[in-house]
Protein chains: 2
Amino acid sequence: MARRSPERLTIADVAEKAGVSLSTVSRVMNGSTTVDAALTQRVREAAVTLGYTASPLARSLVLGKTQTVAVIVPDLGNPTFQGALRGLSTGAAGENYHVLVADSFEDPSKEAELAREARRRSDGIVLCAPRMTDDELNELLPQISPAVVINRTPTSARVPVVAADYRSGFAQLLAHVKDLGHRKLLFLSGAEGSASNRDRLAAVDAFRAANPNIEISVLTGSVNFADGYASADDVIASDATAVLAFNDLVAMGLLGALTARGVDVPGEVSITGFDDIQFAQYTTPPLTTAAVPTPELGAQAWARMWDLLNGRQPAYNLAFGPLVVPRGSTGRPPKTGDDPHPAAT
Amino acid sequence: MARRSPERLTIADVAEKAGVSLSTVSRVMNGSTTVDAALTQRVREAAVTLGYTASPLARSLVLGKTQTVAVIVPDLGNPTFQGALRGLSTGAAGENYHVLVADSFEDPSKEAELAREARRRSDGIVLCAPRMTDDELNELLPQISPAVVINRTPTSARVPVVAADYRSGFAQLLAHVKDLGHRKLLFLSGAEGSASNRDRLAAVDAFRAANPNIEISVLTGSVNFADGYASADDVIASDATAVLAFNDLVAMGLLGALTARGVDVPGEVSITGFDDIQFAQYTTPPLTTAAVPTPELGAQAWARMWDLLNGRQPAYNLAFGPLVVPRGSTGRPPKTGDDPHPAAT
DNA sequence: CTGTTAGCGCATTCAA
DNA sequence: TTGAATGCGCTAACAG
């Protein structure tokens, strides 16, 4: 029953079967209206009975278009990029576009080459490269145009940008724990060079300036579960009553480690995450976090890429303001002996 | 500083610059050793100064190889397929292969066409299509060969298969809750046609036959958080003391709903998941589940694809036996008034 | 060892 | 309207 593919079918086979020239077949396949109805019919039938479909490779070569966009992500295991990939994939599929995905494995030195290579196999690049230096980025972007950048804004290159506003989100989280009464904070910051980490640090600086009476220290280099888990000792030693983790993964790791050590959250220490990944609400206690609509990030990135691909001016750059979702992992700080205002029940 | 691409660079530009023929450039670029050292040098230099790289499209067309594999998944949001994608991507990157990803959005009717289309843009397909019918699968696979199938075994088509042994995993979970003393079980089963769901049901049947004194009912159609959450009322009404969810997602949703209703887990009802996604250990209580090494699934799928691509006999089919990870969500059933064997401390 | 020639499969000029 | 010829950029036979 299964049709043995007779050495791959070409346009010539259809032409022969229909008794017309190659060009006529090509025209019919591409929906040219200037073809005689009878011939069109014959070609269609021949194509169907033969089971012919034009080779995307050959078309790509002659048309200069691949019907493919490439996404470069630093880590396919990271929920943020998974969400973005999903949103992008949905949008691309809607326009019959294909998606090539490349994981740089958090290695900024590979990202540029990966992007250039991917660009040659696609019509455009959606780039998530939070740790690439600004200089590299500025040099890279013109080479891989058209491109859309997610979650960072290049200093000189002009490209559409879709991002979450990490600074504003983090500022809100800081305000949240401040309002709860915390005066000794700890920020488990992410990778040194990461763009979104710089944004968070900017929020910290602004917060410090505005709240000189609040102490806030920074611990560097936590980006995933294991890092969060491993930071538990430092967290306990820090004596902070509220810990703001770089993201939900770090927060969950820390939460696990603290729970294992018998530290009460939020009784003894409050914890916040970032991103609001699907699982943040299922921890114990549920994680207070700043929600980022990652699939929407991908969808908007696609929208801009689609504009670019069609020679249109892409829509405005976009920054989603994360929403703080207060849950069980944050509460009032523990009362100290010298608490001037003991709760009056 | 950025080089304006002069209308796209071709092999002819390099040939001219180096003062040789196209073929010589081609030979050098492909590492042919039969080229004079001096010429080789000149060509290399020309290529570098020009910044030339061969067009993957043109090479693909003439070589008949795209250096790309395509993965078809039913849902990019599902941790199982995310893990597989990651493992596959890692393996492919190691051999300088690219990865095209297509999401069928749980629509079995689209999967075949998606796979065929993707196949034309790649050298092989890694297929995750749990709900496609067997007939469709058997008809599809020869058309998209070479292919590797994840998590199901086609009845007639001969392809390498890499899978998790859902039946054995589920049998272990059943044994686990039985050993804890549960006698009234409920299985929140997944999508009707899903292969891995059938495997779980087979485990249920075997269990029933071997344990006629244990009651086990089945509720159909839960595959994600929302489904799990929505099933809470049915679960409570069922009067079961142990609920085996289709997967971790369903279990987490159910857990959330029960917690919200004040039902004690595992005090009143025990819950098991499946997959052991990264987050299962962070729920409250942590989820008892059967661990499936999804990235390894992807890695092994790639290994077999790589064999296929090189004309080698692929390695044996593989079924990972999931490991039960007992955690806090399962415990002994609540004591009833007529419990014949009250715990003796 | 090198250059010339002929395709890979298709879209698109240009004549007819 | 249709067909024949040209080329997309490259590799691989084939001569030289």
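To find a chain, count down the sequence lines: A is the first, B the second, and so on, and within it residues start at 1.
One end of the helix from dC1(C)-dG16(D) to dA16(C)-dT1(D) points its axis 50° away from the other end's axis, with each axis taken from 5 pairs and the angle rounded to 10°.
Across all strands, Leu63(A) comes closer than 4.0 Å only to sugar-phosphate atoms, never to a base (heavy-atom distances). Counting any heavy atom pair closer than 4.0 Å across all strands shown, Leu39(A) reaches sugar-phosphate atoms only and no base atom.
When the nucleotides dT2(C), dT1(D), dC8(C) are ranked by their closest atom to the side chain of Val35(B), dT2(C) comes out on top. Picking from dT1(D), dA12(D), dT2(C) the nucleotide with the shortest atom distance to the side chain of Ser23(B) gives dA12(D). With distances taken from any side-chain atom of Asn30(A) to the nucleotides dC1(C), dA11(C), dG9(D), the minimum falls on dA11(C).
Checked by atom type, the side-chain pair Thr155(B)/Asn138(B) shows a donor-acceptor distance below 3.5 Å.
For Ser21(A) and dA4(D), the shortest distance from a side-chain N or O to OP1 or OP2 is not below 4.0 Å. Residue Arg59(A) places at least one side-chain N or O closer than 4.0 Å to OP1 or OP2 of dA11(C). Proximity of Ser26(B) to the phosphate of dT11(D): a side-chain N or O atom is located under 4.0 Å from OP1 or OP2.
Per the geometry, CE belonging to Met29(B) stands 8 Å off P belonging to dT11(D), to the nearest Å. Put simply, CD1 on Ile11(A) is 11 Å from C1' on dT12(C), counting in whole angstrom units. Nucleotide dC14(C) holds its P atom 13 Å from the CZ atom of Arg27(A), rounded to whole Å. Remark: C1' of dC10(C) and CD of Gln67(A) are 15 Å apart, rounded to the nearest angstrom. Atoms CG (Asp13(B)) and C1' (dC10(D)) sit 13 Å apart, rounded to a whole Å. In this structure, Leu22(A) places its CG atom 20 Å from P of dT1(D), rounding to the nearest Å. The distance between atom CZ of Arg121(B) and atom P of dC8(C), rounded to the nearest whole Å, is 21 Å. Leu61(A) places its CG atom 14 Å from the C1' atom of dT12(C), with the value rounded to the nearest Å.
Using a 4.0 Å cut-off between a side-chain N of Lys or Arg and a carboxylate O of Asp or Glu, Glu45(A) and Arg42(A) do not qualify as a salt bridge.
At most 12 heavy atoms of other shown residues, nucleotides or ligands fall within 6.0 angstrom of atom CZ in Arg158(B). When the shell of 6.0 Å around CD of Gln67(A) is examined, it contains more than 12 heavy atoms from other residues, nucleotides or ligands. The neighbour count for Glu16(B) CD, taken as heavy atoms of other residues, nucleotides or ligands under 6.0 Å away, does not exceed 12.
A tilted orientation is assigned to the rings of Trp302(A) and Tyr97(A), their planes being inclined by 30° to 60°.
Under the 4.5 Å side-chain criterion, counting only non-hydrogen atoms from C-beta, Phe81(A) is in contact with Pro74(A).
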